[in-house]
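Data first, discussion second: the structure below is written as structure tokens.
Since this is a predicted model, take the numbers as computed values, not measurements. Side chains included, hydrogens not; waters and symmetry mates left out as well; all remaining heavy atoms used.
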Amino acid sequence: MANDGDYSDEWDEDTMIEIRRFGLEHALSVHQAKGAASVDLSAVFKDADRIVNYVLGDLTP
């Protein structure tokens with residue numbers, strides 16, 4: 001490869017923000033779809049973290 005010096009395994013900040021937003025939106029939608037009167041935010045954030053970790057390569061959710 002001619003551009004070996006340009007390669008990085010790190011995610012840029014904008015990409016990480018979008019991945020976290022994706023995880024939070026999907027976790028929230030799942031909890032809202034359960035029909036409960038209120039949503040347990042700690043469970044939403046826990047599920048969002050699991051989604052983000054899965055997207056980033058931790059394949060054991």
Between D47 and R50, does at least one N-O distance fall below 4.0 Å, as a salt bridge requires?
yes
Going by the salt bridge (charged side-chain N to carboxylate O under 4.0 Å, His left out) test, which pairs reach into residues 16-26, not counting sequence neighbours?
E18-R21
Is there a side-chain contact between E13 and I17 in this structure, where contact means two heavy atoms from C-beta onward sitting under 4.5 Å apart?
yes
Locate the shortest heavy-atom distance separating A27 from A48; write the atom from each residue and the value.
CB-N, 3.6 Å
Co-membership, hydrophobic cluster, residues V30 and F45, 4.5 Å side-chain
no
Of the options D40, V39, L41, which is the one that meets H31 in a side-chain contact (heavy atoms from CB on, under 4.5 Å)?
V39
Criterion side chain to side chain contact (heavy atoms under 4.5 Å, CB included) on V52 and F22, from CA distance to verdict
CA-CA 8 Å; V52 169; F22 170 83; over 6 Å; no
Could you give the distance from CG (D14) to CD1 (I19), rounded to the nearest 0.5 Å?
11.0 Å
